[in-house]
Amino acid sequence: MKNSCEITFEGLNVGRLLSLLGKSNITLYKVERDGKRCVIRVPATRAKHTIALLQERCYNIIGIKYFGITAAAKFVKKRFVLPIFCLLIVAVLVISPRFCLKIEISGDFDRQLVQEALTEVGVTIGCDMSKLNVDVLENTLANKMNAMYAVVTRSGSVLYVNVVAKKQIEPPIDMTKSRDIVATRAGVVTSVLCEQGNALVSVGDKVNVGDVLIEGKRIYNDGTYDSVYALGRVTLQITATGFAEYTGFKSETVETGNVFTSTGVVLFGKEYGRACPFEQYTLQSVSKFIYPLNLEVRKNVYREITTVKVSAPIEECLQELQALALEQAKANCDFTVIDTQYTTQSNGVTAILYGEAQIE
């Protein structure tokens with residue numbers, strides 16, 4: 001089919017108009033008349049000129065439809081994401097068996113540490129796995145991370161990495177030596193188990209770093225003693241605190257009403273799409289995955305938000321104050337938290353984190 005444009009319009013004196021089009025060197029491929037309505041088809045290259053003539057003479061244009069290559073070009077222009085998506089699909093189909101699109105990490109080490117070690121040797125999302133020597137990579141990872149061993153396998157475009165730590169063997173205890181069990185943390189004693197030696201603390205005692213908890217002495221009834229290797233366990237309750245001051249105001253996050261929507265494609269771990277113009281926003285994403293390509297199509301809805309301060313009694317500020325106090329307490333915490341408590345005063349909120357330390 002020729003590159004043409006079909007125009008449907010209504011008006012009077014259609015015959016005079018058709019004559020004018022002929023004088024303007026506009027070829028008419030088709031003419032259909034039904035009362036005031038007329039359908040004409042002209043070359044696509046003369047479509048703009050024809051439409052301008054119709055508008056100049058106040059004809060009511062009802063519809064415009066393109067045929068041939070021009071129609072395809074306009075379709076692509078209106079739906080620019082579709083051809084990009086199709087190109088990405090084709091690209092992924094070609095390269096996915098060869099390039100790494102995903103890395104799954106397991107084992108005894110922190111995922112971030114393993115990822116950094118992989119990056120150092122050039123193994124990242126998008127790397128060429130056809131050049132990857134699995135045996136060399138396993139040995140390199142084990143050496144870099146001082147691990148017992150590493151296992152690397154690939155399945156399609158996914159690389160699976162498992163790194164196992166060395167098992168630590170405790171040195172044997174020399175029971176002929178004398179030693180005390182000394183507090184390495186400050187806290188309150190919650191339990192004492194003395195197997196050998198002389199316990200110097202009881203439940204409820206407060207101890208500081210360096211205090212002797214169980215001394216290496218075996219004391220006899222006559223007051224004499226022998227030096228021994230103290231054995232036992234003392235459990236301490238340890239704490240960390242944080243305080244948030246009440247200022248008379250609380251923070252509220254409100255939506256401005258501005259919404260921005262974009263659709264992108266996630267390829268090699270990076271999302272390709274229009275960036276959000278808002279500085280602060282909430283994000284709602286809906287993803288569809290195309291398997292086995294590990295290709296993700298993601299629709300993002302951004303809603304702009306802003307933070308304002310409003311006057312409020314302390315009762316309405318408790319949640320915010322507790323969060324601030326907890327954040328400060330965590331900054332002072334170097335142990336595993338097993339309980340959290342809050343106390344409220346007229347000037348603010350205190351967060352207390354409780355943990356446990358066992359000293360042997």
D34, CG: over 12 other non-hydrogen atoms inside 6.0 angstrom
no
No-hydrogen, no-angle side-chain donor-acceptor test under 3.5 Å, E252 and T307
no
D334/R185 ion pair, N-O < 4.0 Å
yes
If you measure only the distance, is there a donor-acceptor pair under 3.5 Å linking the side chains of Q345 and T343?
yes
Answer yes or no: is there a side-chain heavy-atom contact under 4.5 Å between L21 and I40?
yes
Could you pull out all donor-acceptor pairs under 3.5 Å where a side-chain atom in residues 10-19 meets a protein atom, sequence neighbours excluded?
unit_1: E10; atom_1: OE2; unit_2: R37; atom_2: NH2; d: 3.4

Output yes when E320 and K250 qualify as a salt bridge under the 4.0 Å nitrogen-oxygen rule, no when they do not.
no
How far apart are the closest heavy atoms of A47 and Y66, and which atoms are they?
CB-OH, 3.9 Å
What residues, two or more places apart in sequence or in another chain, satisfy salt bridge (charged side-chain N to carboxylate O under 4.0 Å, His left out) together with E360?
R233
Under a plain distance cut-off of 3.5 Å, with no hydrogens placed, do D226 and Y220 share a side-chain donor-acceptor pair?
yes
How long is the span from the CG atom in L213 to the SG atom in C194, to the nearest 0.5 Å?
10.5 Å
Between Q280 and T306, is a side-chain hydrogen bond (donor to acceptor under 3.5 Å, both in side chains) present by the stated rule, with each step listed?
CA-CA 6 Å; Q280 298 184 65; T306 185; 4.8 Å; no
Over all atoms of both residues, closest heavy-atom pair of V228 and K217
CG2-N, 3.7 Å
Ring pair (Phe, Tyr, Trp, His ring centres under 6.0 Å): which pairs involve residues 32-63, sequence neighbours left out?
F9-Y59
Cation-pi check, K309 to F249: give yes when NZ or CZ is under 6.0 Å from the six-membered ring centre and within 45° of the ring axis, no otherwise.
no
Taking every heavy atom of I314 against every heavy atom of S346, the minimum-distance pair comes out as CD1-O, 4.1 Å
Please say whether more than 12 non-hydrogen atoms of neighbouring residues, nucleotides or ligands are located less than 6.0 Å from CG in N221.
no
On a heavy-atom basis, which atom in L326 and which in A351 lie closest, and how many Å separate them?
N-CB, 3.8 Å
Check the surroundings of atom CD in E195: do more than 12 heavy atoms from other residues, nucleotides or ligands lie under 6.0 Å from it?
yes
Report yes if some heavy atom in the side chain of M145 is under 4.5 Å from a heavy atom in the side chain of V114; otherwise report no.
yes
If every non-hydrogen atom of T184 is compared with every non-hydrogen atom of V209, which pair is closest and at what distance?
O-CG2, 3.8 Å
Hey, are E304 and T256 close enough side-chain-wise for a donor-acceptor pair under 3.5 Å?
yes
Could you tell me which residues satisfy side chain to side chain contact (heavy atoms under 4.5 Å, CB included) with K48, sequence neighbours excluded, listed by chain and number?
none
Provide the closest heavy-atom pair for V212 versus V201 in the form atom of the first, atom of the second, distance.
O-CG1, 4.4 Å
Among all residues two or more places apart in sequence or in another chain, which pass the side chain to side chain contact (heavy atoms under 4.5 Å, CB included) test with T27?
Y29, P43
I want to check a possible cation-pi pair here: R154 against Y160, using under 6.0 Å from ring centre and within 45° of the ring axis as the test.
no
Is E6 salt-bridged to K65, going by a charged N under 4.0 Å from an acidic O?
no
Residue pairs passing the ring pair (Phe, Tyr, Trp, His ring centres under 6.0 Å) test with at least one member in residues 301-344, sequence neighbours excluded, are F260-Y302, Y281-Y302
